Amino acid sequence: MKNAKLPRTRPSVFSSTNNHSNPLVSSNQIFLPKPLEYNESLSYRSTVTWSTSLSSTLQQYINSDTPFGGQSIHTRIIKSGFIPNTNISIKLLILYLKCGALNYARQMFDELPQRTLSAYNYMISGNLRHGLVQESLGFVRRLVLSGERPDGYTFSMILKASTSCRSNVVLLPRRLGRMVHAQIVKCDVEPDDVLYTALVDSYVKNGMVGYARTVFDMMLEKNVVCSTSMISGYMSQGFVEDAEEIFSKTMEKDIVVYNAMIEGYSKSIETAKKALEVYVDMQRFNFLPNISTFASVIGACSVLAEFEFGQQVQSQLMKTELFKNVKMGSALVDMYAKCGRIEDAQRVFDHMPEKNVFTWTSMIDGYGKNGNPDEALELFLRMQECHVQPNYVTFLGALSACGHAGLVAKGHEIFESMERDYSMKPKMEHYACMVDLLGRAGSLEQALKFIQQIPGKPNSDVWAALLSSSRLHEDVEMANIAANEIFKLNANDRPGAYVSLSNTLAAAGKWNNVSELREGMKLRGILKDTGYSWVGRDS
DNA sequence: CTAGGGTTAG
């Protein structure tokens with residue numbers, strides 16, 4: 001297969017799709033000039049004319065919104081036996097990239113007489129834009145091996161590739177960002193705004209806001225794009241005031257930067273009210289909310305349980321075409337459910353033309369949390385009847401519904417069906433849910449036994465579930481076991497475990513033990529005399 | 001040919 005040549009006459013790249021029925025495509029083909037017919041007997045001069053004509057026709061297809069029709073030009077070239085020059089080959093390559101016909105683009109690339117830096121960059125960009133990160137990085141590799149030196153375009157795409165994928169695709173992206181940064185310096189590439197922004201974003205996406213800020217400060221003029229990255233970075237680390245400072249200094253605001261603020265604010269209950277303010281504010285400046293705006297502001301309403309504001313947002317959403325969107329519907333269902341407005345959630349749910357696993361999960365979880373676990377489990381069944389595959393969050397919702405209803409046997413059944421029927425390996429969260437289920441029902445011994453048979457090391461969530469059940473049932477001995485396991489595990493969870501344990505002791509009237517515990521915690525440095533401070537910045 | 005934003009749990 002590796003050495004397979006292009007067919008003399010190609011099958012349509014889009015034979016599987018319906019593009020020929022797209023009226024835009026056909027009308028486009030009428031308006032575009034047809035290249036001259038190639039004739040073997042034409043003079044050299046005519047050949048040049050034909051090439052020029054082909055080249056400009058291809059360019060028009062590339063520039064159009066409907067590049068698909070351009071493939072017919074390639075077919076005609078092949079049929080005529082004409083050997084296209086490099087210019088035309090590159091244009092065909094760009095055309096195929098734009099169409100998403102990446103295998104054809106690759107073949108055009110491989111057949112080029114010489115591969116220039118820009119040809120590499122086209123391949124890197126095209127593959128990246130169609131989500132093929134591995135392929136894209138493969139061309140980076142080939143570029144480096146060819147001895148050609150990458151330029152600013154290449155570097156910004158490498159950074160984008162490393163941030164647009166999950167860590168297992170590129171090894172250690174956290175370090176990769178640093179390495180690329182070093183290579184940029186080494187290759188003597190003078191970064192422009194775009195490359196600076198890509199660097200800022202790469203540091204931001206890896207949680208290194210300190211480095212991001214350093215690069216950000218190196219830019220003489222901060223544009224709205226890099227400010228947005230910086231804002232998202234600060235927001236994701238909880239540095240709200242730093243984000244606000246950048247936002248206030250951003251002169252030419254656009255919808256994306258507004259959305260970044262709304263999204264950042266919506267993450268915590270303390271700031272979510274500001275998310276609503278920005279949402280109102282941006283509309284005063286005539287920015288119409290788009291799909292991201294709606295998603296974030298609906299999220300803010302969920303956090304605040306502000307269903308009345310949510311209703312207004314919904315009515316604005318209804319005026320757009322976005323109300324049909326599954327993500328929007330799911331966000332609304334979730335919002336109403338989180339606000340305790342389960343009948344509103346159900347109404348949105350019923351009117352949705354299309355539902356996905358997110359929609360079902362939100363609804364199931366909503367019923368579970370609003371004191372109707374039976375309905376939750378009923379929905380869980382109906383979802384499976386509708387052939388929607390539950391995911392691991394759905395199982396958490398179903399299991400916690402069982403926990404709230406005290407349906408221990410049912411919980412076990414669902415837990416077992418997870419692996420048996422869906423080949424999904426339970427995660428620690430599911431084990432924690434089961435411990436909660438058993439513990440809540442008062443079977444603390446059984447919960448402990450369950451923990452002991454968990455494959456792998458139980459984390460502090462699992463022990464915390466046992467601890468809170470112990471507290472619920474005032475089982476001091478079990479609370480001690482659970483809290484001690486947490487003390488051994490995660491420093492961040494110690495204060496919480498301490499509070500829970502000392503409450504259990506207090507509830508059982510064991511005041512001596514409470515003060516003993518307090519002294520012991522101080523000695524071990526888990527409890528400080530003054531308040532806690534575990535807020536730290538990176539770098 | 002290069003840069004920024006969006007749904008589900010605890």
Side-chain angles (χ1 to χ4, degrees), chain A residues 62 90 93-94 97-98 116-129 139 150-161 163-164 189 191-202 204-205 219 223-233 235 250 254-264 266 289-299 302 322 325-335 337-338 355-366 368-369 390-401 427-430 432-433 436 461-462 464-465 468:
Chain A
I62 291 167
I90 293 266
L93 182 152
I94 298 169
L97 285 176
K98 193 157 182 204
T116 58
L117 176 58
S118 70
Y120 278 107
N121 282 343
Y122 278 120
M123 292 308 288
I124 296 165
S125 143
N127 280 283
L128 194 56
R129 247 215 308 276
F139 284 100
D151 63 3
Y153 288 94
T154 325
F155 279 120
S156 40
M157 293 185 287
I158 294 171
L159 287 166
K160 171 116 174 155
T163 55
S164 67
V189 169
D192 61 2
D193 276 10
V194 175
L195 186 46
Y196 271 125
T197 305
L199 263 172
V200 168
D201 196 55
S202 145
V204 158
K205 292 258 165 61
M219 298 176 69
N223 60 53
V224 64
V225 180
C226 66
S227 299
T228 306
S229 278
M230 208 57 240
I231 286 169
S232 312
M235 284 297 202
T250 306
D254 64 7
I255 185 141
V256 186
V257 74
Y258 276 111
N259 289 349
M261 287 303 286
I262 297 174
E263 204 227 328
S266 72
N290 66 10
I291 188 160
S292 299
T293 325
F294 282 121
S296 301
V297 78
I298 293 171
S302 315
L322 293 171
N325 186 293
V326 199
K327 290 183 181 180
M328 294 296 96
S330 306
L332 281 174
V333 168
D334 191 61
M335 186 268 294
K338 288 229 169 62
K355 302 172 182 68
N356 66 14
V357 61
F358 288 84
T359 331
W360 286 96
T361 302
S362 294
M363 205 64 226
I364 290 167
D365 204 61
K369 294 228 160 46
N391 65 17
Y392 78 108
V393 184
T394 321
F395 277 105
L396 285 176
L399 289 175
S400 95
K427 300 191 178 195
M428 267 319 153
E429 289 102 318
H430 298 98
C433 227
D436 185 76
D461 289 342
V462 173
S468 75

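Chain identifiers are assigned alphabetically (A, B, ...) following the order of the sequence lines, protein sequences preceding nucleic acid strands; residue numbering begins at 1 within each chain. Note that the structure is predicted; figures quoted are calculated from it, not measured.
For the pair A:Lys338 and B:dA9, the criterion of a side-chain N or O lying under 4.0 Å from OP1 or OP2 is met. Considering only side-chain N and O atoms, A:Lys205 lies under 4.0 angstrom from the phosphate OP1 or OP2 of B:dG5. Dashed line: the shortest gap from a side-chain N or O of A:Lys327 to OP1 or OP2 of B:dT8 is not under 4.0 Å. For the pair A:Arg129 and B:dC1, the criterion of a side-chain N or O lying under 4.0 Å from OP1 or OP2 is not met.
Donor-acceptor pairing under 3.5 Å, judged by distance alone, is present between the side chain of A:Ser156 and the base of B:dT2. Not a single donor-acceptor contact under 3.5 angstrom links the side-chain atoms of A:Asn223 to the base of B:dG4. Contact annotation: side chain of A:Ser229 to base of B:dG4, donor-acceptor pair absent below 3.5 Å. Residue-to-nucleotide contacts include no donor-acceptor pair under 3.5 Å from the side chain of A:Asn259 to the base of B:dG4.
The aromatic ring of A:Tyr153 does not sit over the base of B:dT2, since the test of centres under 5.5 Å and planes under 30° is not met. Ring-to-base geometry places A:Phe358 in a stacked arrangement with B:dT7 (centre distance under 5.5 Å, plane angle under 30°).
When the nucleotides B:dT2, B:dA9, B:dA3 are ranked by their closest atom to the side chain of A:Val225, B:dA3 comes out on top. For A:Asn356, whose side chain is taken as the heavy atoms from C-beta onward, the closest listed nucleotide among B:dT7, B:dT2, B:dA3 is B:dT7. Taking only side-chain atoms of A:Ser330, from C-beta outward, the nucleotide of B:dG5, B:dT7, B:dG4 with the closest atom is B:dT7. For A:Val194, taking side-chain heavy atoms from C-beta onward, the closest of the listed nucleotides B:dT8, B:dG4, B:dA3 is B:dA3. With distances taken from any side-chain atom of A:Asp334 to the nucleotides B:dA3, B:dG4, B:dT8, the minimum falls on B:dT8. When each of B:dG4, B:dA3, B:dT8 is scored by its nearest atom to the side-chain atoms of A:Val256, the top-ranked nucleotide is B:dG4. Distance from the side chain of A:Asn121 is smallest to B:dC1 among B:dT2, B:dG4, B:dC1. Considering only the side chain of A:Val257, B:dG4 comes nearest among B:dG5, B:dT2, B:dG4. The A:Ser292 side chain lies nearest to B:dG5 when the options are B:dT7, B:dG4, B:dG5.
Counting any heavy atom pair closer than 4.0 Å across all strands shown, A:Tyr392 reaches a base atom. At the heavy-atom level, A:Asn290 lies under 4.0 Å from base atoms of the strands shown.
Shortest non-hydrogen contact noted between A:Ser296 and A:Asn259 is OG-O, 4.2 Å. Across every non-hydrogen atom of A:Lys98 and A:Ile62, the tightest pair is NZ-O, 2.6 Å. The nearest pair of heavy atoms linking A:Ile124 to A:Met157 is CG2-CB, 3.9 Å. The two atoms that bring A:Leu399 and A:Cys433 nearest to each other are CB-SG, 3.9 Å, heavy atoms only. The shortest heavy-atom contact between A:Met230 and A:Val200 is SD-CG1, 4.0 Å.
Here the P atom of nucleotide B:dT7 and the CZ atom of A:Phe294 are 15 Å apart, to the nearest Å.
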